S.K.: 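Quick one: the structure is below, and I'll ask about it shortly.
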Amino acid sequence: MILLGYVAGPIFSQKPNSNPLEASLRQQTRLKLGLSCWGIFALLRRFNIYGETLPWQVGVHFGETLMSVFNLTKYPPSLSFLLVTLGGMFFCLVVFE
């Protein structure tokens with residue numbers, strides 16, 4: 001994760017005199033990364049392929065099923081947990097810049 005943060009520095013940096021084209025490209029990149037993270041999460045979680053030790057289960061109500069899907073391992077961080085949090089972070093960066 002540390003190496004990923006170091007390599008992805010240009011996606012997060014904003015130069016003082018940057019032009020709007022660079023800003024819109026940076027926003028598009030963040031949006032694509034957020035969608036990619038959540039798409040990969042949905043694919044992995046749908047088929048219980050990889051990234052989480054506990055498979056999700058269908059509950060009696062939709063809320064129980066949703067809680068089962070998002071019952072992710074935080075320590076040590078699973079791939080599913082990282083995809084959800086990084087995807088959310090990219091979307092927040094798009095909104096709050």
Side-chain angles (χ1 to χ4, degrees):
M1 287 307 305
I2 293 171
L3 183 60
L4 177 65
Y6 182 76
V7 172
I11 297 171
F12 301 105
S13 67
Q14 182 177 358
K15 298 174 187 168
N17 297 325
S18 63
N19 62 24
L21 182 61
E22 286 181 0
S24 68
L25 180 62
R26 196 170 49 244
Q27 296 287 54
Q28 289 176 358
T29 304
R30 290 176 187 163
L31 189 61
K32 289 177 185 176
L33 284 170
L35 288 172
S36 298
C37 285
W38 282 0
I40 293 169
F41 166 76
L43 181 71
L44 291 177
R45 249 346 228 173
R46 167 67 181 102
F47 298 109
N48 289 323
I49 298 172
Y50 179 77
E52 190 60 42
T53 56
L54 298 173
W56 66 276
Q57 299 172 354
V58 177
V60 176
H61 304 289
F62 176 73
E64 290 178 5
T65 304
L66 195 62
M67 286 191 297
S68 177
V69 168
F70 286 101
N71 183 16
L72 305 172
T73 305
K74 185 175 179 180
Y75 296 110
S78 65
L79 178 61
S80 296
F81 176 79
L82 292 174
L83 288 171
V84 168
T85 54
L86 289 175
M89 177 208 55
F90 285 124
F91 287 124
C92 287
L93 285 172
V94 168
V95 170
F96 294 123
E97 181 177 11

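Note that the coordinates shown come from a computational prediction; the quantities given were computed from them, not determined experimentally.
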S.K.: Hydrogens and angles aside, do Ser68 and Gln57 bring a side-chain donor and acceptor to less than 3.5 Å of each other?
M.R.: no
S.K.: Same cluster or not: are Phe90 and Leu82 linked, directly or through other Ile, Leu, Val, Met, Phe, Trp or Tyr residues, by side-chain heavy atoms under 4.5 angstrom apart?
M.R.: yes
S.K.: Answer with yes or no whether the hydrophobic clustering places Trp38 together with Val94; edges join I, L, V, M, F, W, Y residues whose side-chain heavy atoms lie under 4.5 Å apart.
M.R.: yes
S.K.: Looking only at heavy atoms, which two atoms of Leu43 and Ile49 are closest? And how far apart?
M.R.: O-CD1, 4.2 Å
S.K.: May I ask whether Leu86 and Val95 are part of the same hydrophobic cluster, defined by side-chain heavy atoms of I, L, V, M, F, W, Y residues being less than 4.5 angstrom apart, directly or through others?
M.R.: no
S.K.: Does the Arg45 side chain pair with the main chain of Val69, one donor and one acceptor, at a distance under 3.5 Å?
M.R.: yes
S.K.: Does the side chain of Trp56 come within less than 4.5 Å of Val58's, by heavy atoms?
M.R.: yes
S.K.: Is there a path from Leu35 to Val84 through hydrophobic residues (I, L, V, M, F, W, Y) whose side chains come within less than 4.5 Å of each other?
M.R.: no
S.K.: If you look only at pairs with a residue in residues 61-88, which of them pass as a ring-ring contact (aromatic ring centres under 6.0 Å, His included), with sequence neighbours excluded?
M.R.: Phe41-Phe70
S.K.: Closest approach of Ser80 and Tyr50, non-hydrogen atoms and distance?
M.R.: OG-O, 4.2 Å
S.K.: Which atoms form the tightest heavy-atom contact between Thr65 and Gly59, and what is the distance?
M.R.: OG1-N, 2.8 Å
S.K.: If you measure from CG on Leu83 to CG on Leu79, what distance do you get to the nearest 0.5 Å?
M.R.: 4.5 Å
S.K.: Is there a chain of hydrophobic side chains (I, L, V, M, F, W, Y, each step under 4.5 Å between heavy atoms) that links Leu44 to Phe47?
M.R.: yes
S.K.: Between Glu52 and Thr73, what is the shortest heavy-atom contact and its length?
M.R.: OE2-OG1, 2.5 Å
